[in-house]
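Structure first, commentary second.
Protein chains get the first letters and strands the later ones, always in sequence-line order, with residue 1 at the start of each. Keep in mind that what you see is a predicted model, and the values were worked out from it rather than measured.
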There are 2 protein chains.
Amino acid sequence: MPKTWAISGVDLHLDLDGTRVRGAFESALRDAVRSGRLGAGVRLPSSRALAADLGLARNTVAAAYSQLVAEGWLEARQGAGTRVAERAAAAQPPPAAPPPAAARHRHDLRPGVPDLASFPVVAWIAAARRALRAAPADALGYGDPRGRPELRAALAGYLARARGVDCDADSIVVCSGFAQGLSLLCRGLLELGATSFATESHCHRSHHGAVAASGLVAATVPVDAAGAVIAELGAAGGVLLTPAHQFPLGVPLAAHRRTAAVAWARETGAVVVEDDYDGEFRYDRRPLGAMQALAPDHVVYAGTASKSLAPGLRLGWLVLPPRLLEPVLAARRLTDGPGALDQLTLAELISTGAFDRHVRRSRLACRRRRDRLVSTLRRRVPAARVTGIEAGLHAVVELPAVDDELAVVRRAHDHGLMLEGLDEYRVGGEPRPAALVVGYGTPPEHAFSAAVARLCAVLARG
Amino acid sequence: MPKTWAISGVDLHLDLDGTRVRGAFESALRDAVRSGRLGAGVRLPSSRALAADLGLARNTVAAAYSQLVAEGWLEARQGAGTRVAERAAAAQPPPAAPPPAAARHRHDLRPGVPDLASFPVVAWIAAARRALRAAPADALGYGDPRGRPELRAALAGYLARARGVDCDADSIVVCSGFAQGLSLLCRGLLELGATSFATESHCHRSHHGAVAASGLVAATVPVDAAGAVIAELGAAGGVLLTPAHQFPLGVPLAAHRRTAAVAWARETGAVVVEDDYDGEFRYDRRPLGAMQALAPDHVVYAGTASKSLAPGLRLGWLVLPPRLLEPVLAARRLTDGPGALDQLTLAELISTGAFDRHVRRSRLACRRRRDRLVSTLRRRVPAARVTGIEAGLHAVVELPAVDDELAVVRRAHDHGLMLEGLDEYRVGGEPRPAALVVGYGTPPEHAFSAAVARLCAVLARG
């Protein structure tokens, strides 16, 4: 069987009923074109290839092609094979609806997404090629539910070095971002007998929602100027904290609270989940190491590439205490983790130092943005108070003169600026004074000044 | 702030306690090296960069570096910066345990994984580069929970053309392989009020287990020579079928059973999930289109790149009836899907025809392997009966002369051949006569003949 034709052209499915094969084939093909299932311009397989695919004589296929060319459904061009004719396309689908209002906004200062235009495309593609060539044959198989060993080894080194995490490659489970990690953790905690789990009273609503959806009772713990108020955790089976830079309030968890959280976990048998979502980004203050290192048997460290590279990679990792490893892996086996190629590529980026360079470059860029945001606001909107700015990719802009933060958010939207109010992140506790959570990492570099100027214009008017 | 130093070198975290900063820094660095947290050969940041990172005077860092070089923990080489000394490494970790017995096996004829050595590395990398360059700026953001629109559009065209699926891009949800898809479906069905869900009595145990873990009652439906016995489905809220090529028994679902399954779903309001895991691979028989096209409102079509490309990509897709779309998306929002890069790359491969060419090439290779397997077994083990071979990547080798298939599997293992018995896939119903499920797609091309020869040797001895 010559190889050439068998691999040429598109793959085509046709239903052939009855015994009049020629007629059935012809009308099946006609229907496929008429209904639009075969779109205008699609190149059909050669008659030889399709005949072999469908178990027909080649002449049968060739005759049907000729007939449909004659009828105008198909076009045969010398040397270009047989294609679906342009005019044969079914009635065009209705034009797409106009983009929603949001898509017309010109600036985005919502938190959570880094500047995607700075994603290191060239370095990533080069690392992917090297990683794929160097990978063992079975790297593209189903693989270890903990994730690729290359990535776990690279992460173990990186997390110890850059974040002070106490870990080895075997205690790491790679997951498809923090949301999957959290849902695996909730399942694991349920398995260990936990019945409730607390989030900070201000946090991503989706995290609080995921806890509730898992079957655990979703509690909350208040946050004050020293971070989460550990004394109020009570009997929760676990808590999700953001110790390096509270999301969204921006305070670090104070040293005495870190100690208290660990003591609480030790005494009650509960688990602390340390969401180190933006741990790579700290500026003026001494870096705060992961609190996981205080008590690796009681604290889960959770990291992600969503801020340091891009959320679209869907890559995150959990460093697990021994007793949680098996329950989390059991949950992991019921679903799927991230693709092996992205895992191998990130491992290569870390091992070659390209990841560190990218992080340092991004950190410098974000620090400069923060400085511009703070100085511009001070000059143009002196009433606003900017907090939570020692680290991370977002700042809290308190608006003492404003009663209704949602009105500010709406006014900004009307002026082409996407913003989010602090109350968007409240899942428990009392409302706080009006404030915005401003993500200064998001806009592309060339648009940052204009975005800040628009923010100032909206606030100055208020 | 000059950019050069801020992005050089590794990213390093050190805990600095107390007021004697120089001493604290020096001993923190010493501890990091001694404990192995900083591995031998790791290059440290320049003293200038680290000083800025840690908020120390540059002299403090430089003095500590000198001290540790003097003590032998670090090495400073002209032009090569400061590195952790080779001899400074902590006691080496104990040597890794010897590989488990399985890793010493030289041949693998277990089903489920295609020949990973044939993965189109060059085409994939080229497509990734093109896709990443062409992608809009927000492609690497969190994105649509249904998956990248580029991939959904490409899949809608491909599935209609190649598998006869009735779908548009908006009815597709991209997921991280079939396991995640199934768990999302189970959650969606629970949401719609279903209480039980059936798998075929022979299937992947993990699928049956995932149904049970979701909270649905996991039932089974028997399989005979015409496929799943639809009449015995009763009151299940849904059923998972493999209509094109029953896994593992290899029979197609007969036309009257397809009709019956659809009628059952229409009458009872249940959902049929069509797992088209190897639909691209059919040989002698007329291609069987997706049964989803018979009743798009009652049948979920589930496809995957695991057989056509590689399981390690962790890419699958669901084509959903309208009433299931929102419940499945709600479940999808609680976790994470596959990375955007792989999605964009597969879309590019499909759009340029490279995916079709790869499928046709793989199909031809697998058909040849199947022919070699069947003819070799016929000649060397005439007592064996090979079935389920019109399609797919595996065959059932019935062993009429054998009482204990597990003994055959064990003997094969002892001879360096990984095999699986049919009973490995039984989750309900009566045991069947002894048989093997032979995955002929798995071995690399150069090893295929030797793997088949070993299989024959093991069986001939029986």
Sort out for me which of [options] touches chain A most, counting heavy-atom pairs under 4.5 Å.
| options | answer |
| --- | --- |
| B:S214, B:A255, B:G339 | B:G339 |
| B:G181, B:G337, B:P444 | B:G337 |
| B:D166, B:D342, B:L140, B:V122 | B:L140 |
| B:V121, B:L116, B:L344 | B:L116 |

Chain A contact via [X] - side chain, backbone, both or neither, heavy atoms under 4.5 Å:
| X | result |
| --- | --- |
| B:F355 | neither |
| B:Y142 | both |
| B:R148 | neither |

Indicate the atoms forming the closest heavy-atom contact of B:L341 with A:L313, along with that distance.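 Answer, listing the atom of B:L341 first, then A:L313: CD1-CD2, 3.7 Å.
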
Can you name the closest pair of heavy atoms from B:S183 and A:L334 and give their distance?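 Heavy-atom minimum between the residues: CB-O, 4.0 Å.
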
Set of residues satisfying salt bridge (Lys or Arg N to Asp or Glu O under 4.0 Å) with respect to B:R110, sequence neighbours excluded: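 B:R110 satisfies salt bridge (Lys or Arg N to Asp or Glu O under 4.0 Å) with B:D108 only.
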
Output a table of donor-acceptor pairs, distance under 3.5 Å, between side-chain atoms of residues 126-137 of chain A and any protein atom two or more places apart or on a different chain; print 'none' if there are none.
from   : atom 1 : to     : atom 2 : distance (Å)
A:R130 : NE     : A:E348 : OE2    : 2.6
A:R130 : NH2    : A:E348 : OE2    : 3.4

Check B:P311, B:S176, B:P338 against A:D336 for a side-chain contact (heavy atoms from CB on, under 4.5 Å) and give me the one that passes.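 It is B:S176, the one option of B:P311, B:S176, B:P338 that forms the side-chain contact (heavy atoms from CB on, under 4.5 Å) with A:D336.
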
